[in-house]
Amino acid sequence: LSQTLPDPYEDFMYYHLQYYGYYKAQRSSLPNSATHQHVWKNNPRYLLSGSFGKREDLIPDRLQKEKRLLSYVPRTLSALNSLMLSSPFVKSRQLLYDDIGEVNPRLREPRDLFAFFSDSALLQAPRWPIECEVIKERIHHIEWVPPQPEYFYQPTGNEKIPEIVGEEKGTIVFQLDSVPTEDCYFTSSRVGGKRGIIKELSVSLQGPEDNTLLFESRFESGNLQKAVRVNTFEYELTLRTDLYTNKHTQWFYFRVQNTRKDVTYRFTIVNLLKPKSLYTIGMKPLMYSQLDASTHSIGWRREGNEIKYYRNNADDGQQPFHCLTWTIQFPYDRDTCFFAHFYPYTYTDLQRFLLSVANSPVKSQFCKLQTLCRSLAGNTVYLLTITNPARTPQEAALKKAVVLTARVHPGESNGSWIMKGFLDFILSNSPDAQLLRDIFIFKVVPMLNPDGVIVGNYRCSLAGRDLNRHYKTILKESFPCIWHTRNMIKRLLEEREVLLYCDFHGHSRKNNIFVYGCNNTNRQFWLHERVFPLMLSKNAPDKFSFHSCNFKVQKCKEGTGRVVMWRMGILNSYTMESTFGGSTLGNKRDTHFTTEDLKSLGYHVCDTLLDFCDPDRTKFMQCLAELKELLQQEIHKKFKELGQDMDLERSWSDISLSDLHQKKTMYKKKKKPLKSRKQRNKQYHRNTLMLESKLTEDAPVRRPTSTVWSECPTLGSQLNGRGKSTSLDPTDMTTMILTKNKDRIQVFHLIYVYVCVYAHS
């Protein structure tokens, strides 16, 4: 600029802040917004600070101060108008003007109040707990889709089970100094984590011929606590537990350097906690080569041979550990490679994506980025509101809402890839995407647990708790992310109907993609909560398995987002589980999922929403009829297992499908281990006495059923007429069922529910 004039707005703010004692700089040091506005943010000299006890030192006379401040306001406004008319190039950046230059100023939306992105904004650096050391190097991976399907590993039965040697006989080549466990708790955070010089934890190479691998995991989402070299090319790895806990080891993500080509390495993770894993049925780890990425644009790919998941036989009195072992050959000498449980998607990856959305002049018109809250460590939890602007207030009020969330469990990065696919489509210019934005308001929380994602946790937040068990919490300060999410949805329900809630997760023991839902007891909407998953299975038949879905509310799941939102009034409330492995369906049978597969599922969610809300209810009613037929088939199957063949038809239409999927273990209480023979004998005698007493007395459980049958005498004749058994007394049928060992409690409950509903309908 050829000349700079004082900004009236900042002149006014100078006196205002000086009056209240917040600003101590000299008047001559006040920057001019026309040329130096960025100085306010970047120079600590201009940060607002002050002492509340020394305001009188600025201007001695209080009356004089007030007069000066009040008299300055009209002078500021008149100066503003004159500058606005005479010198357009010195307009205040705090005000917006009409495009045609008319004098109609309005305030700009506050900047940086919620740390939103601007055109020139840099990504926010993640905040780490102060105990965590973090390397300065930025880790970034390219996206790549394998040109050929990546098939499951086929076990040969001859896989080696290596003996766990440990650090007593091996050599520690990498180990984190201090890891916060359950004896500690989160106190504070800072950008870059622990203060001071970052130590080199890997061993020092003795020369160019030294082939020791150099390990590292002190980067975003990394997880490796220790590496022990037990042979020339064999290493035992220990994963770090979730911070401030002593459990939850599943997610791994680490770097190795100084590799050698055409040599078979063996890695064994020695402290996994889950007794079952997809590695037992063919899942392979992921590997990423930086040389492949830079020279051939090849990204993450499934690698590994001799894969074995087994129990560690070492008995040290603690909880039993399981091991994962695999062999690998690196493609290059002295390469830098990464291994991961699944495709990483970090907090920085999310911010890059949101920055691209905020900087898009088209997408930013219908996607508003907000801060839902701050996490315990002070990282931003983002909320996206996606909808096309309504033409009238009445039209806006009629829009239904859809709520989608992901990454409440930080190690389940599958959820982020599905979410990315959903956002890519819903923010596109596709006619279907535009239609969805016309009829819905989408509330999206793409990363509920940023702290856990940053530090490489598998399941918990920095509170050391599984957030997906605390949606009923009132502890706002301990669980801010889910407290604010629930509160946001509660306010949304007061404004409009929420058609669907879905939380994206990952699953470590089952293949395919499926949902967990809630069983609706309202007869008006019987089976309706199963329609959306059934439609989704038809739109993505090679990825989504409806038969793997489950619709029940267990007591241990009362604190999950799915159940809490359902109890708040959202009928279609789901947890969507996507496998870490791959598909057993259709054309993708026995192949691993890629990031493109998961992103396509996000598109299919959008496609299914259109089918679900189609004004033509043909598809909806067809799915409802199919669900009723599936219910009848399940009932027939259960009775055949009990030796009965009954034609139930529509008289069983009120029985819950979830009752048919109950496992016998659901009705059994977990038995405490008996530590002595005396305890075992006492338990045996107690069980014997209980059994004898039951045999000598009439079973009271039969009476209510017989009473109900007597109140409805036509029911017995109807069943006798429809079934193959010509004489079937209700009491005899109940007795027969109770004498069967297989699923006896389950089927009795099913019969009882049916009789009660049918007799009183």
Side-chain angles (χ1 to χ4, degrees), residues 131-133 135 159-184 194 198-207 209-219 222-260 263-274 277 279 285 304 306-328 330 337-341 455-458:
E131 302 94 337
C132 297
E133 284 191 345
I135 62 175
E159 287 79 13
K160 178 183 175 181
I161 300 180
E163 180 184 356
I164 305 304
V165 174
E167 58 188 77
E168 292 79 9
K169 298 181 181 179
T171 304
I172 298 177
V173 295
F174 173 83
Q175 185 172 15
L176 297 179
D177 283 345
S178 60
V179 177
T181 61
E182 64 176 347
D183 299 328
C184 309
K194 191 174 182 179
I198 304 300
K199 300 177 183 178
E200 184 63 47
L201 299 185
S202 297
V203 295
S204 299
L205 298 178
Q206 302 303 313
E209 300 303 319
D210 190 344
N211 56 11
T212 304
L213 289 180
L214 304 178
F215 290 81
E216 184 58 82
S217 66
R218 294 171 296 170
F219 48 81
N223 188 321
L224 179 67
Q225 179 176 338
K226 183 170 62 175
V228 178
R229 190 182 192 185
V230 297
N231 209 329
T232 306
F233 301 107
E234 188 170 345
Y235 296 84
E236 290 178 2
L237 310 177
T238 302
L239 302 183
R240 194 211 69 222
T241 59
D242 283 6
L243 292 188
Y244 312 109
T245 77
N246 64 346
K247 51 187 176 180
H248 305 302
T249 52
Q250 182 76 28
W251 168 260
F252 61 87
Y253 177 31
F254 58 90
R255 183 182 74 185
V256 294
Q257 293 177 306
N258 195 38
T259 63
R260 293 295 184 269
V263 174
T264 300
Y265 289 82
R266 177 177 290 276
F267 298 101
T268 304
I269 299 175
V270 299
N271 66 329
L272 296 168
L273 290 175
K274 291 190 175 183
S277 173
Y279 290 110
E306 298 185 53
I307 301 171
K308 184 74 175 179
Y309 191 90
Y310 60 98
R311 179 169 176 167
N312 186 349
N313 293 324
D315 187 7
D316 54 1
Q318 299 179 352
Q319 54 187 333
F321 288 124
H322 292 76
C323 301
L324 169 66
T325 185
W326 75 95
T327 61
I328 193 81
F330 293 108
C337 294
F338 294 83
F339 288 97
H341 181 58
V455 302
N457 279 2
Y458 173 59

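A search for side-chain hydrogen bond (donor to acceptor under 3.5 Å, both in side chains) contacts involving H248 returns nothing, not counting sequence neighbours. Remark: R255 engages E137 in a salt bridge (charged side-chain N to carboxylate O under 4.0 Å, His left out) (not counting sequence neighbours). Judged as a side-chain contact (heavy atoms from CB on, under 4.5 Å), and not counting sequence neighbours, the contacts of N246 are E182. By the side-chain contact (heavy atoms from CB on, under 4.5 Å) test, Q175 is found to be paired with I172, K226, residues two or more places apart in sequence or in another chain being considered. N223 meets the side-chain hydrogen bond (donor to acceptor under 3.5 Å, both in side chains) test with no other residue; sequence neighbours excluded. In terms of the salt bridge (charged side-chain N to carboxylate O under 4.0 Å, His left out) criterion, residue partners of K199 (sequence neighbours excluded) are, by chain and number, D177. Under the salt bridge (charged side-chain N to carboxylate O under 4.0 Å, His left out) criterion, R218 pairs with E133, E216, not counting sequence neighbours. Remark: Y458 engages no residue in a ring-ring contact (aromatic ring centres under 6.0 Å, His included) (not counting sequence neighbours). E306 pairs by the salt bridge (charged side-chain N to carboxylate O under 4.0 Å, His left out) definition with R266, not counting sequence neighbours. Legend: residues meeting side-chain hydrogen bond (donor to acceptor under 3.5 Å, both in side chains) with R311, ordered by chain and number and at least two apart, are absent. Not counting sequence neighbours, N271 has no partner by the side-chain hydrogen bond (donor to acceptor under 3.5 Å, both in side chains) test.
To the nearest 0.5 Å, the span separating CG on L243 from SG on C132 amounts to 5.0 Å. The CD1 atom of I269 sits 9.0 Å away from the CD atom of Q250 when rounded to the nearest 0.5 Å. The distance from atom OH of Y265 to atom OG1 of T327, rounded to the nearest 0.5 Å, is 13.0 Å. Remark: T249 OG1 to H341 NE2 distance equals 10.5 Å, nearest 0.5 Å. Residue R229 holds its CZ atom at 9.5 Å from CZ of F215, rounded to the nearest 0.5 Å.
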Give the table of side-chain donor-acceptor pairs shorter than 3.5 Å for residues 231-239, with sequence neighbours excluded, one pair per line with atom names and distance.
residue, atom, partner, partner atom, Å
Y235, OH, L213, N, 3.0
E236, OE1, G166, N, 2.9
E236, OE2, V165, N, 2.6

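Put simply, the side chain of S217 reaches to within 4.5 Å of the side chain of F174, judged on heavy atoms. Using a 4.5 Å heavy-atom cutoff, the side chains of H322 and K274 are not in contact. Using a 4.5 Å heavy-atom cutoff, the side chains of C323 and L272 are not in contact. Using a 4.5 Å heavy-atom threshold, the side chains of T212 and V173 count as touching.
Taking the six-membered ring for Trp and the full ring otherwise, the centers of Y253 and F339 sit at least 6.0 Å from each other.
Between Y279 and I307, the closest heavy-atom pair is O-CG2, 4.2 Å. Residue L273 comes nearest to P320 through the heavy atom pair CD2-O, 4.3 Å, listed as atom of the first residue, atom of the second, then distance. When all heavy atoms of G304 and I328 are compared, the pair lying nearest together is N-CD1, 3.8 Å.
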**Prompt:** Are K308 and I161 close enough, and set up right, to give a side chain to side chain contact (heavy atoms under 4.5 Å, CB included), and what steps lead you there?
**Reply:** CA-CA 7 Å; K308 184 74 175 179; I161 300 180; 3.9 Å; yes
**Request:** Take T171 and V228 through the test side chain to side chain contact (heavy atoms under 4.5 Å, CB included) and record every step on the way to the result.
**Result:** CA-CA 5 Å; T171 304; V228 178; 5.7 Å; no
**Message:** Determine whether N258 and L205 satisfy the following criterion, side chain to side chain contact (heavy atoms under 4.5 Å, CB included), listing intermediate values before the conclusion.
**Reply:** CA-CA 9 Å; N258 195 38; L205 298 178; 3.7 Å; yes
**Item:** Working for side chain to side chain contact (heavy atoms under 4.5 Å, CB included), residues F321 and V270
**Value:** CA-CA 7 Å; F321 288 124; V270 299; over 6 Å; no
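F254 and F252 have tilted rings, their planes meeting at an angle from 30° to 60° on a 0 to 90° scale. Ring geometry for F219 versus F338: interplanar angle over 60°, hence perpendicular rather than tilted (30 to 60°).
A donor and an acceptor atom, one from each side chain of Y244 and E131, are located under 3.5 Å apart.
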